[in-house]
Amino acid sequence: MAYPLGPAAWLHGILLHLRAVIAARQPSAGAAAPVLGLLWTRLHRLARRFAAAVARVEAGEFPRPRLTAARPGKKPCPAYQRLPQGFAWLHRVIPGAGSAGSQIQHFLAQPETVALLTAAPHLGRHLRPLCRMLGVPPPPALRPAEPPQRPAVPRRRAASRPAPVASPPAPPSAA
């Protein structure tokens with residue numbers, strides 16, 4: 001089955017359905033309302049970023065592999081802006097999210113999606129969090145690529161200190 005509008009539009013439709021489920025759940029969410037608001041924003045951004053990344057891949061622009069390192073100046077996200085973690089956490093918050101999970105599973109099984117993810121494995125970084133939150137086991141095409149290895153740098157050995165020498169015993173005094 002070919003995508004009539006492309007994989008980005010297909011994923012956008014799935015996420016639009018999931019956002020509609022969230023909107024229907026929002027009035028009765030109670031304490032989960034802030035989480036649903038964050039999730040709504042996250043799904044909207046995910047759809048936009050995936051569409052932009054697919055457009056770059058179709059234009060022949062592939063990103064250069066980067067060595068990832070911790071940024072010392074980056075502040076951690078405040079707790080009230082973090083979504084829950086764990087496999088299939090969205091099913092506990094929104095009971096109707098299972099249909100979106102099955103749609104994502106079907107989307108990832110399509111030959112066009114597999115070919116796209118094989119040609120551009122960096123697209124998996126957009127889809128892996130979505131699979132984790134919906135409880136969809138990631139297919140082999142979504143497994144993260146191995147980061148490029150840094151050249152081995154010989155380590156400096158710490159200057160070895162000589163062992164402390166015990167002072168010789170004092171001679172017996174002749175008293």
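Computed from a prediction, not measured in an experiment: that's the story for all the values here. Residues: numbered from 1 along the sequence shown.
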Determine the minimum heavy-atom distance between [X] and [Y], stating which atoms define it.
| X | Y | result |
| --- | --- | --- |
| Ala23 | Trp40 | CB-CZ3, 4.0 Å |
| Pro7 | Leu116 | CG-CD2, 3.8 Å |
| Gly124 | Leu117 | N-CD2, 4.1 Å |
| Ala8 | Ala51 | CB-CA, 3.7 Å |
| Leu46 | His126 | CD1-O, 3.1 Å |
| Ala100 | Ile14 | O-CG2, 4.1 Å |

Measure the shortest side-chain to side-chain distance between [X] and [Y] over non-hydrogen atoms and say whether it is less than 4.5 angstrom.
| X | Y | value |
| --- | --- | --- |
| Leu11 | Val54 | no |
| Leu43 | Ile22 | yes |
| Gln105 | Pro137 | yes |
| Thr113 | Pro139 | no |
| Arg132 | Pro129 | yes |

[atom1] of [X] to [atom2] of [Y]: how many Å apart, nearest 0.5 Å?
| X | Y | atom1 | atom2 | result |
| --- | --- | --- | --- | --- |
| Met133 | Arg128 | CE | CZ | 13.5 Å |
| Thr41 | Arg19 | OG1 | CZ | 8.5 Å |
| His44 | Arg49 | NE2 | CZ | 10.5 Å |
| Leu15 | Arg48 | CG | CZ | 12.5 Å |

side-chain contact (heavy atoms from CB on, under 4.5 Å) between Leu39 and Leu90: does it pass, once the steps are laid out? CA-CA 9 Å; Leu39 181 61; Leu90 192 56; 3.1 Å; yes
Would His122 and Val57 count as a side-chain contact (heavy atoms from CB on, under 4.5 Å) if you check the C-alpha gap in whole Å, the side-chain angles of each, and the deciding distance to 0.1 Å? CA-CA 10 Å; His122 66 278; Val57 167; 3.7 Å; yes
Would you call the rings of Phe107 and Trp10 parallel, tilted or perpendicular, where under 30° means parallel and over 60° means perpendicular?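 Rings of Phe107 and Trp10: tilted, 30 to 60°.
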Determine whether Val114 and Val136 fall in the same hydrophobic cluster, where Ile, Leu, Val, Met, Phe, Trp and Tyr are linked whenever their side-chain heavy atoms lie under 4.5 Å apart.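 Val114 and Val136: separate clusters.
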